[in-house]
Amino acid sequence: METEKVVSESEELPKTIVRRVVKDKLHDCSPDTDINVHKDALVAFSESARIFIHYVSATANDICKESKRQTINGDDVLKAIEEIDFPELIGPLRASLDEFRQKNAGKRVAASKSKEEKKKQKVEEEPSEKSGKSKKDEGNKENDD
């Protein structure tokens, strides 16, 4: 008889990613030794991580609600990690969050510049479209003269 899955598939963490994270960390801890991880240990790691995510997200949600907001942000997660007594994670997490924010700030600046350029092009094309001619057609007319 097959046992029922306790966790829905949508909540399962990808096994390959869990395996890679565990193996990478084990390699960092003892680079000279090739440590194998049994399948049930990977299930235990995955389940532990899933429960930890649930716990942190529930705590961050409480922090968010206390601030009368509906959207959890990165700082809420950091406060949650601190609140559940994992202060040693705050430094590395803050560094990762800052790096993420810097990368996204650069992307946002590039995206807004791109939007501005598209708006300028559209504005330049609009007067020509009203007369039924595009800038390209007007340029060709000048060359014909």
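These numbers come from a predicted model, not from an experiment. Each residue takes its place number in the sequence, starting with 1.
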**Report entry** Leu78 side chain near Arg94 side chain, heavy-atom distance below 4.5 Å
**Finding:** yes

Query - Within-4.5 Å side-chain heavy-atom neighbours: Ile51 and Glu47 - result: yes

Residue list, side chain to side chain contact (heavy atoms under 4.5 Å, CB included) with [X], at least two apart or on another chain:
| X | result |
| --- | --- |
| Asn61 | Lys65, Ile72 |
| Ile84 | Phe52, Tyr55, Val56, Thr59, Phe86 |
| Arg101 | Asp75, Leu97, Asp98 |

Query raised in the report: Going by side-chain heavy atoms closer than 4.5 Å, which hydrophobic residues are tied to Phe100, directly or by a chain of links?
Result: none

Query raised in the report: Under a single-linkage rule joining Ile, Leu, Val, Met, Phe, Trp and Tyr whose side-chain heavy atoms are separated by less than 4.5 Å, which residues share a cluster with Val43?
Result: none

Report summary line: Closest heavy-atom pair, Arg50 versus Leu13, reported as atoms and distance to 0.1 Å, is N-CD1, 3.9 Å

Requested in this report: Grab the two heavy atoms, one from Thr71 and one from Asp76, that are nearest each other, plus how far apart they are.
Outcome: O-OD2, 3.9 Å

Table please: side-chain donor-acceptor pairs of residues 19-27 below 3.5 Å, with sequence neighbours left out.
{"residue": "Lys23", "atom": "NZ", "partner": "Ile35", "partner atom": "O", "Å": "3.2"}

**Report entry** Stepwise salt bridge (Lys or Arg N to Asp or Glu O under 4.0 Å) test for Arg69 and Glu66
**Finding:** CA-CA 8 Å; Arg69 291 180 287 110; Glu66 287 171 6; over 6 Å; no

Query raised in the report: Any ion pair linking Glu83 and Lys79 (charged N to carboxylate O, less than 4.0 Å)?
Result: no

Report summary line: OG of Ser67 to CD1 of Ile63, rounded to nearest 0.5 Å, is 8.0 Å

